[in-house]
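Report on the structure given below.
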Amino acid sequence: MLRRLSALLCAGVLAAGCGSARGEVVAGVPLVAAGRLTTCTNLPYPPFEYEKDRRVVGFDIDMTGLVAKRLGVRQRVVDFPFEVLKTGTVLNAERCDIVAAALAVTRDRERYVDFSAPYFRAVLCVVVRRGTRVNSLADVRHRRLRVGVQSGTTGADHTLAAGIDPRSYATVDGQLDALRSGQVEVLVQDCPAVSTWLKDPRHATAFTTALTVDAEQDYAFAVRQGEHPGLRRLVDEVIATARRDGTYERLYRKWIGVPPVRAASPEAG
């Protein structure tokens, strides 16, 4: 299921559609590979997408799995760098049908991809070593604390907007390693990912969330801009149905925890 190496080898020639398979049209939806919904993601990002027992699992993967089920095909998950996901490069190169990567909707990203209806709302958390007190990102900047972010994310954007020059890491694992090793003193990351880190007693005893940043953001799935209105409509229908019939709440509890009222309601997002 995981194709990290082949994805990286093709990264320099994505525009040529490196390695894309002959597709087919299912229920009016064109797919890049016959019999499969090809989902691009960026690993690891628990609880949304990560590898366990040689399989890619998580909340996002289960949600896009519902789309594959509606189409009557199997899902194939491919790992790519985050940068080529948020810019739609992998979609334009027909390397995948849909991007599922805890992708926050922003005006800039809407220039490159078409987003589904939102399926999750997240806020940003500021993580520090226990005993470190910070009151705001302005406080972090004033004290000149070293900050780590994941490159290309909204967390990085908000940190830069606060006047902080952060250290960037390609993955959340890289971020956490930097905090553990003392390379940085502060992390800015989406709260669901932080909550997953802090479920590990080794992390919870050493680190804590100092504050949340007032920057609520909606996650959505992305498809190729202007090309796949049928797929986007289908994804929206799957999200709405999952909210109505309880599937969304079941998956939320499985991967994240007790959903807030707005997350479980059909009108959420």
* side-chain contact (heavy atoms from CB on, under 4.5 Å) between W255 and F48, worked out -> CA-CA 8 Å; W255 295 109; F48 295 94; over 6 Å; no
* Asked: Where do Q175 and Q189 land on the side-chain contact (heavy atoms from CB on, under 4.5 Å) test, with the steps shown first?
  -> CA-CA 9 Å; Q175 264 190 303; Q189 182 55 267; 2.7 Å; yes
* Working for side-chain contact (heavy atoms from CB on, under 4.5 Å), residues R244 and T241 -> CA-CA 5 Å; R244 286 194 302 269; T241 299; 3.3 Å; yes
* Step-by-step side-chain contact (heavy atoms from CB on, under 4.5 Å) determination, L31 to V25 -> CA-CA 6 Å; L31 301 176; V25 177; over 6 Å; no
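Atom-to-atom distance recorded for L71:CG and L231:CG is 7.0 Å, nearest 0.5 angstrom. Atoms OG and CD, on S168 and Q150 in that order, are 9.5 Å from each other to the nearest 0.5 Å. We find the OG-CE distance between S116 and M63 to be 8.5 Å, quoted to the nearest 0.5 Å. Note that CG of L85 is 12.0 Å distant from CZ of R95, once rounded to the nearest 0.5 Å. To the nearest 0.5 Å, atoms CG (L66) and CG (L37) are separated by 11.0 Å. We find the CG-OH distance between L43 and Y50 to be 11.5 Å, quoted to the nearest 0.5 Å.
In terms of modelled atom types and a separation under 3.5 Å, the side chain of D97 and the main chain of T38 share a donor-acceptor contact. A donor-acceptor pair under 3.5 Å is formed between the side chain of D236 and the backbone N or O of A117. No side-chain donor-acceptor contact under 3.5 Å links K86 to the backbone of R109. Formation of a donor-acceptor pair under 3.5 Å by the R36 side chain with backbone atoms of V73 is not found in this model. Between the side chain of T154 and the backbone N or O of D157, no donor-acceptor pair lies under 3.5 Å.
The pair K254-D62 counts as a salt bridge, with a side-chain nitrogen and a carboxylate oxygen less than 4.0 angstrom apart. The pair R233-E237 does not count as a salt bridge, with every side-chain nitrogen at least 4.0 angstrom from each carboxylate oxygen.
Among residue pairs with one or both ends in residues 122-131, none qualify as salt bridge (Lys or Arg N to Asp or Glu O under 4.0 Å); sequence neighbours excluded. Each salt bridge (Lys or Arg N to Asp or Glu O under 4.0 Å) pair with one or both residues in residues 166-186, not counting sequence neighbours, appears once here: R146-E185, D177-R180. For residues 193-202, the pairs satisfying side-chain hydrogen bond (donor to acceptor under 3.5 Å, both in side chains) are D200-R202, with sequence neighbours left out. Sorted by first then second residue, the disulfide bond (SG atoms under 2.5 Å apart) pairs that include residues 46-87, not counting sequence neighbours, number zero. Screening residues 136-173 for ring-ring contact (aromatic ring centres under 6.0 Å, His included), with sequence neighbours left out, gives no hits. Contacts classified as disulfide bond (SG atoms under 2.5 Å apart) and involving residues 41-82 (residues at least two apart or in different chains) are not found. Pairs passing the disulfide bond (SG atoms under 2.5 Å apart) check and including a residue from residues 106-186, sequence neighbours excluded, read C125-C191.
Residue E249 comes nearest to P259 through the heavy atom pair CG-CG, 3.8 Å, listed as atom of the first residue, atom of the second, then distance. The two residues P44 and T171 come nearest to each other via the heavy atoms CD-CB, 4.5 Å. Annotation for P118 and D218: closest pair CB-CB, 3.8 Å, computed over non-hydrogen atoms. Considering all non-hydrogen atoms of both residues, V105 and A220 come closest at CG2-CB, 3.6 Å. Across G88 and V113, no two heavy atoms sit closer than the pair CA-CG1, 3.5 Å. Of all heavy-atom pairs between G28 and P30, the closest is O-CD, 3.6 Å.
A search for ring pair (Phe, Tyr, Trp, His ring centres under 6.0 Å) contacts involving F221 returns Y119, not counting sequence neighbours. Remark: D53 pairs with no residue by the salt bridge (charged side-chain N to carboxylate O under 4.0 Å, His left out) rule, at least two apart or across chains. Residues satisfying the salt bridge (charged side-chain N to carboxylate O under 4.0 Å, His left out) test with R74, not counting sequence neighbours, are none. By the side-chain hydrogen bond (donor to acceptor under 3.5 Å, both in side chains) test, T39 pairs with Q75, sequence neighbours left out.
Here the rule is side chain to side chain contact (heavy atoms under 4.5 Å, CB included) with E49, and of T41, T64, V57, D79 only T41 fits it.
Ring-centre distance between F82 and Y45: not below the 6.0 Å cut-off. Between F59 and Y248, a ring centre-to-centre spacing shorter than 6.0 Å is recorded.
With contacts defined as side-chain heavy-atom distances shorter than 4.5 Å, the pair H203/L176 qualifies. Using a 4.5 Å cut-off on side-chain heavy atoms (C-beta onward), Y112 and L91 make no contact. No side-chain heavy atom of F80 sits under 4.5 Å from any side-chain heavy atom of C96.
Counting only N and O atoms by type, the side chains of N92 and Q225 include no donor and acceptor under 3.5 Å apart.
Hydrophobic cluster membership for V188: L124, V126, V128, V134, L137, V140, L145, V147, V149, I164, V186, L211, V213 (Ile, Leu, Val, Met, Phe, Trp, Tyr linked by side-chain heavy atoms under 4.5 Å, directly or transitively).
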